[in-house]
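Report on one structure; see the data block that follows.
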Amino acid sequence: MSHPSEAERARARQIVAILRRTYPDAKCSLNFTTPLELLVATILSAQCTDERVNATTEKLFQKYRTAADYASAPLEQLEQDLKSIVFYRNKAKNIQAMARILVQEHGGEVPQGMDDLLRLPGVARKTANVVQGNAFHHVEGVVVDTHVSRISRRLGLTKEDDPPKIERDLMALLDQPDWLDFSHMLIYHGRAVCKAPTPTCPGCVLLELCPTGQERTNVV
DNA sequence: ATCCCGAGGG
DNA sequence: CCCTCTGGAT
């Protein structure tokens with residue numbers, strides 16, 4: 001899949017066009033006003049709904065305004081402030097370690113480069129792509145979360161299982177200007193229609209272009 | 001492959 | 001009690 005045919009790229013463009021008509025306002029669902037806020041929110045969003053993250057960060061961002069605030073807080077205090085988020089101990093530890101690197105190596109700011117972002121604890125390609133795309137309007141890759149992985153596989157856009165490999169397939173298949181929106185639209189689609197256990201294929205706007213949907217609706 | 005480990009809904 | 005929500009590090 002690293003060298004998709006022109007037919008495969010054309011099919012991908014059709015999928016993007018339909019998604020754009022269906023989800024014209026798709027965007028990042030995390031609330032943030034600065035790159036630091038988005039970075040913290042995205043770390044918190046692992047295995048957790050954006051709604052729950054937003055409910056937590058509403059208070060969190062009033063208390064922690066700078067990287068130094070996270071860096072200097074007692075870890076137990078930060079843990080308590082993240083208590084309602086799943087994996088809160090890991091996330092508190094990662095956010096504090098991340099903030100200390102921002103203070104010590106980046107003047108308290110969030111770095112824009114992929115390599116610098118990936119060196120931060122709790123940050124892998126998904127989080128780095130979210131921050132680059134939504135805070136810096138700089139798109140180097142495709143955001144591949146569980147929704148993007150699942151739906152890309154169902155649509156036959158990739159056969160891979162490993163998120164970095166899925167990302168490589170999608171980067172080869174999609175036009176770069178579509179990368180960020182593609183993920184946002186699939187995330188909306190995944191929440192509303194193409195759900196993990198039980199996709200509601202009848203009525204899906206992508207049914208005609210989806211091998212999995214064809215299979216499911218023919219059997220049932 | 002396993003660990004991390006909360007909240008809301010049925 | 002069980003399932004759903006939905007990444008990163010070791």
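Just so it is clear: chains get the letters A, B, ... in the order the sequence lines come, proteins before strands, and each one is counted from 1.
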query: Got a sec? Which of residues 124-149 of chain A come in under 4.0 Å of DNA chain C, heavy atoms?
result: Ala124(A), Lys126(A), Thr127(A), Asp145(A), Thr146(A), His147(A)
- prompt: Hey, quick one: are Val86(A) and Leu78(A) part of the same hydrophobic cluster, counting side-chain heavy atoms closer than 4.5 Å, chains of contacts allowed?
  reply: no
- line: Students should find that the nucleotides of DNA chain C closing off the region near chain A, any atom under 4.0 angstrom from a heavy atom, are dT4(C) to dA9(C)
query: Would you call Asp175(A) and Arg9(A) a salt bridge, using N to O less than 4.0 angstrom?
result: yes
Test log, rule side-chain contact (heavy atoms from CB on, under 4.5 Å), inputs Asp169(A) and Lys165(A): CA-CA 6 Å; Asp169(A) 282 348; Lys165(A) 294 182 181 175; 5.6 Å; no
task: Report the hydrophobic cluster partners of Leu75(A), with the cluster defined as I, L, V, M, F, W, Y residues connected by side-chain heavy atoms closer than 4.5 angstrom, directly or transitively.
output: none
message: A side-chain contact here means heavy atoms from C-beta on lying under 4.5 Å apart; do Asp116(A) and Ile101(A) qualify?
response: no
- prompt: Using the C1' atom in both, what is the distance from dC5(C) to dC5(B), to the nearest Å?
  reply: 14 Å
query: When you compare dT6(C) with dC4(B), how far apart are their P atoms, in angstrom units rounded to a whole number?
result: 23 Å
field: Residues forming a ring-ring contact (aromatic ring centres under 6.0 Å, His included) with Phe87(A), sequence neighbours excluded
entry: none
query: How is Pro163(A) classified with respect to the nucleic acid when contacts are heavy atoms under 4.0 Å: base, sugar-phosphate, or nothing?
result: nothing
message: Are more than 12 heavy atoms, taken from residues, nucleotides or ligands other than Glu58(A), located less than 6.0 Å from that residue's CD atom?
response: no
query: For nucleotides 1-10 of chain B, read 5' to 3', which letter fits each nucleotide if B means a protein heavy atom sits under 4.0 Å from the base, S means only the sugar-phosphate is that close, and - means neither?
result: ---BBBSS--
field: Results of side-chain hydrogen bond (donor to acceptor under 3.5 Å, both in side chains) for Asp178(A) - residues two or more places apart only
entry: Arg20(A)
